[in-house]
Amino acid sequence: MAASTISNVRIAGLANAVPRNARPTDADAALFGVDGAKVVANSGVVQRSLAGSLCASDLCFAAARRLLTGLDWAPDTIDAIIFVSQTPDYILPATSCSLHGRLGLSKDCAAFDVNLGCSGYVYGLWTASLLIAGGNLRRVLLLAGDTISRISAPRDRSVALLFGDAGSATALERDDAAAPLMFVLGTDGAGERALIVPAGGFRTPRTPETAVRTERENGNIRSDEDLYMNGAEIFTFTLRELPPLIQSVLSAAGWGLDAVDSFVFHQANLFMLQHLAKRMRIPLEKLALALSEYGNTSCASIPLAMDHCLRDTLRTRDSKLVLAGFGVGFSWAAVACRLGPCVIPELTYVDLDVPTAA
Amino acid sequence: MTKKEFLTLLTEILELPTDSLTGAEPLSEVEGWDSLAVLNFIAMVDEHCGITVSPKRIVDCKTVDDLYALTKP
């Protein structure tokens with residue numbers, strides 16, 4: 001696995017936003033009868049917030065505005081903005097450029113998108129840190145968000161009850177006194193088909209046929225433009241890769257399990273996280289969990305779980321954290337970091353009919 | 001893992017009465033054997049045998065005994 005230690009970068013703050021549209025999972029599980037209740041018990045998702053027609057960029061925009069205010073950072077002090085998402089506004093231009101405009105950032109600012117999901121937040125932190133440490137930038141804004149509910153077919157029980165929508169903003173800046181960030185990253189392209197929206201890109205462009213929802217495996221109904229997830233393949237991939245990933249990042253940091261205050265993993269599903277924690281002998285009280293309130297929010301799930309479970313701690317003191325994302329790709333990444341005290345504004349709720357222009 | 005232990009764990013996953021499986025049952029006729037049970041089966045074999053079973057091998061299983069065979073190295 002690729003290991004990378006980055007010094008002189010501080011995470012100054014983070015903020016999250018969700019749609020003001022919490023939906024109880026039971027309401028949708030009823031479609032699947034007894035199976036629906038079993039799926040909900042397995043995933044641990046009691047409710048999630050659904051975006052309706054909001055975009056991931058709208059949620060990230062709201063989070064970013066609140067964060068910049070909380071930090072008292074003037075927009076023209078941002079040297080780069082990165083948008084991590086699999087649900088951008090357009091095929092082109094890059095949504096980071098559009099967010100740059102909406103946030104009123106200076107023209108002396110780099111902007112680009114990163115297309116990653118479950119591992120995307122940690123990849124985003126890595127990229128943002130590198131821009132500061134190696135690129136001599138001072139302040140970078142990382143926006144990570146997704147609206148996976150909008151590509152989840154309501155009658156596909158492998159996805160319909162799991163995904164919520166959220167957007168996050170994280171502020172990083174140069175700080176010569178900051179503790180080093182230890183990253184470990186990996187990829188296995190053999191997992192391409194396990195979590196995929198098959199149509200709508202240029203390999204398989206949209207046609208009237210790709211939009212038609214038909215019955216697939218286990219009675220699930222979806223189209224080729226909907227998200228497909230093979231839960232068993234993802235689970236075995238995670239069992240194979242996550243324990244060595246965590247071991248590598250702990251050894252890079254020189255920490256034992258006891259030294260870590262909290263493990264914040266991508267909120268894949270409750271059953272999987274509990275099994276992995278048991279397997280790695282991580283005490284459950286050190287495992288951040290936000291599934292019951294927000295579901296699996298893709299690349300926003302790590303910052304949202306940090307906010308939900310650790311807000312007061314991270315606001316007031318320095319904590320040793322291990323963040324790890326793993327999934328779609330297959331792609332995975334972890335970071336061992338000392339975080340806090342940092343600025344974490346209250347969660348922002350975005351109305352579904354909010355005007356989305358700047 | 002002995003076959004008896006295996007059958008006990010499997011009935012727990014499937015929420016079936018203890019001793020309700022013998023091993024010869026075709027999986028297509030086992031109540032509760034669905035995609036969630038597959039995840040639980042993978043977790044069980046991982047926890048008790050230290051083996052990560054490939055989902056493709058599970059799909060190829062016809063009977064409960066075939067599943068038991070996957071718990072052996």
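The chains referred to below are lettered A, B, ... by the order of the sequence lines, with proteins before strands, and numbering in each begins at 1.
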Do chain A and chain B have donor-acceptor pairs under 3.5 Å, and which are they?
residue: A/Lys38; atom: NZ; partner: B/Asp34; partner atom: OD2; Å: 3.0
residue: A/Arg157; atom: NH2; partner: B/Ser35; partner atom: OG; Å: 3.0
residue: A/Glu233; atom: OE2; partner: B/Lys56; partner atom: NZ; Å: 3.3
residue: A/His275; atom: NE2; partner: B/Asp46; partner atom: OD2; Å: 2.6
residue: A/Lys278; atom: NZ; partner: B/Glu47; partner atom: OE1; Å: 3.2
residue: A/Lys278; atom: NZ; partner: B/Glu47; partner atom: OE2; Å: 3.0
residue: A/Arg279; atom: NH1; partner: B/Asp46; partner atom: OD1; Å: 2.3
residue: A/Arg279; atom: NH1; partner: B/Asp46; partner atom: OD2; Å: 2.7

Taking every heavy atom of A/Ala232 against every heavy atom of B/Ile42, the minimum-distance pair comes out as CB-CD1, 4.0 Å
In short, B/Ala43 meets A/Phe235 closest at the heavy-atom pair N-CE2, 3.7 Å
The interface call for A/Val39 against chain B, heavy-atom contacts under 4.5 Å, is both
Bottom line for A/Phe237: the part with an atom under 4.5 Å from chain B's heavy atoms is neither
